[in-house]
Structure formats: C-alpha cells, structure tokens
Amino acid sequence: MWIVGGGIIVTKLVKNDLIDEFWIQIAPVIIGTGKRLFEENTYEKRFKLVGTKRIGELAEIHLKRL
C-alpha cells in the first residue's frame with residue numbers, strides 16, 4: 001500500500017506497527033516552515049538502510065523495519 005500524507009497519518013501508522021518499509025524522497029530545498037514527516041510522540045522503531053538512489057535532483061532513501 002502506498003501512503004502519501006503528513007505527520008499525523010505517518011505517526012498513527014508507525015505507532016500501530018503498520019509500516020514495514022519507507023521510501024523517503026528528499027528535495028534540495030530549505031524551507032523555514034512546513035509540515036513534519038514524523039510528529040512528536042512516544043514511539044521508537046528501528047529500521048535498516050536498504051539503499052539510496054538519485055532521481056534527478058531528489059535523493060531517495062529506502063528503509064526496512066528490523
């Protein structure tokens with residue numbers, strides 16, 4: 001399942017152990033304000049780095065839950 005959304009959606013899914021993998025794209029733009037990817041909360045999950053990839057100007061990080 002592909003989930004696109006902000007921190008509120010991701011926080012609920014991570015907290016309930018419903019995410020096995022992340023593909024996070026990073027754009028080389030610095031913005032002073034914006035929406036958080038991960039909301040502040042009392043959870044901790046461990047992931048391993050599967051790989052990185054360049055897609056044009058974007059950097060993609062692939063993480064898999066341990």
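Owing to the predicted nature of the structure, the values given are computational and were not obtained by experimental measurement.
- Under the 4.5 Å side-chain contact rule for hydrophobic residues, Ile26 and Val10 share a cluster.
- Taking the side chain to side chain contact (heavy atoms under 4.5 Å, CB included) definition, one finds that Leu49 meets it with Thr52, Ile61, Leu63, sequence neighbours left out.
- At most 12 heavy atoms of other shown residues, nucleotides or ligands fall within 6.0 angstrom of atom CD1 in Ile8.
- Taken to the nearest 0.5 Å, the OG1 atom of Thr11 stands 9.0 Å off from the CD1 atom of Ile19.
- Glu39 meets the side-chain hydrogen bond (donor to acceptor under 3.5 Å, both in side chains) test with no other residue; sequence neighbours excluded.
- Note on residues 42-53: pairs passing salt bridge (charged side-chain N to carboxylate O under 4.0 Å, His left out), not counting sequence neighbours, are Asp17-Lys45.
- Annotation: side-chain hydrogen bond (donor to acceptor under 3.5 Å, both in side chains) contacts of Lys15 (sequence neighbours excluded): Asn41.
- Qualifying ring pair (Phe, Tyr, Trp, His ring centres under 6.0 Å) partners for Phe47, counting only residues two or more places apart in sequence or in other chains: Phe22.
- Taking hydrophobic clusters as Ile, Leu, Val, Met, Phe, Trp and Tyr residues chained together by side-chain heavy-atom distances below 4.5 Å, Leu13 shares a cluster with Ile24.
- Residue pairs satisfying the salt bridge (charged side-chain N to carboxylate O under 4.0 Å, His left out) criterion with at least one member in residues 18-27, sequence neighbours excluded, are listed as follows: Asp20-Arg65.
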